[in-house]
Structure formats: structure tokens, C-alpha cells
Amino acid sequence: MKMLAFSVRDHQVGAFAQPFFLPTEGAAIRAFGDEVQKVGERNHMAQHPGDYALFLIGAFDDEAGVFVAYESPKQIATASQFAKEFAKGVH
């Protein structure tokens, strides 16, 4: 099965977080949005949504054991998008 590789970039730190794998962009966007909307003082994405964005960075084929890193990460969502929706009560 081909799994897509995603990573969250913290623009203030200037680095990407450890990659995670999900089967579709939609699944990654939902997981990212859920994380942004978690309430808690340790949730930096909720506290500083302008600093974070979700990127598609590659793919992994678990049958062949092959990882393909994309030449350039593709931004697919920002934490600010979800923080605004949450504030409006759209979730």
C-alpha cells in the first residue's frame, strides 16, 4: 500500500517536525485540523497558529519498501485555517 508522508513546519523554528504517514491528503488535513483545535496550554499550534503549516513531503510503498522524497514539499494546509474555523464554531 502506498502511504503519503507529511510533516508540519514550524516557521518560527525554521524546521519540519518528524514525518507521519497517512493514506490520503484528506486524512492528513483532518488529523492536522484536529490537532490544531485541541485545547490546552501545551498545544503550541493552537496558541500560535500562524507559525505552523502542513506539508506533503513524499510517499512510502510498504510492499516494495521504497520511500520517495518529493523534490519540493507541497503546503496543503495552515494551522490558521483551522484556528479560524474553530473560533467560528465550524468543526
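Computed from heavy atoms alone, side chains included, the values below leave out hydrogens, waters and symmetry copies.
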Test applied, side-chain contact (heavy atoms from CB on, under 4.5 Å); reference residue, N43; option that passes from K38, H48, Q37: K38
Less than 4.0 angstrom from a charged side-chain N to a carboxylate O is my criterion; do E25 and K74 meet it? yes
Heavy-atom closest contact ([X] atom, [Y] atom, distance):
X	Y	value
G65	F60	C-CE1, 3.9 Å
D61	E63	OD1-N, 2.9 Å
A79	M45	CB-O, 4.4 Å
A17	S7	O-OG, 2.6 Å

State plainly whether one hydrophobic cluster holds both [X] and [Y], where clusters connect Ile, Leu, Val, Met, Phe, Trp and Tyr through side-chain heavy atoms under 4.5 angstrom apart.
X	Y	value
V13	I57	no
F21	Y70	no
V36	F20	yes
L56	Y52	yes

Hey, what do you get for [atom1] ([X]) to [atom2] ([Y]), rounding to the nearest 0.5 Å?
X	Y	atom1	atom2	answer
D62	M1	CG	CE	7.5 Å
L22	L4	CG	CG	8.5 Å
F82	I29	CZ	CD1	6.5 Å
F6	I76	CZ	CD1	5.0 Å
E35	L54	CD	CG	11.5 Å

F55 vs V8, side chain to side chain contact (heavy atoms under 4.5 Å, CB included): CA-CA, chis, key distance, verdict: CA-CA 6 Å; F55 286 81; V8 175; over 6 Å; no
When you look at CD of E71, are more than 12 heavy atoms from neighbouring residues, nucleotides or ligands closer to it than 6.0 Å?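 No, because the 6.0 Å sphere around CD of E71 holds 12 heavy atoms or fewer from other groups.
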With a distance cut-off below 6.0 Å to the six-membered ring centre and an angular limit of 45° from the axis, does R9 pair with F16 as a cation-pi contact? yes
Under the salt bridge (Lys or Arg N to Asp or Glu O under 4.0 Å) rule, collect the residues that match up with K2, sequence neighbours excluded.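 By the salt bridge (Lys or Arg N to Asp or Glu O under 4.0 Å) rule, K2 matches no residue at all.
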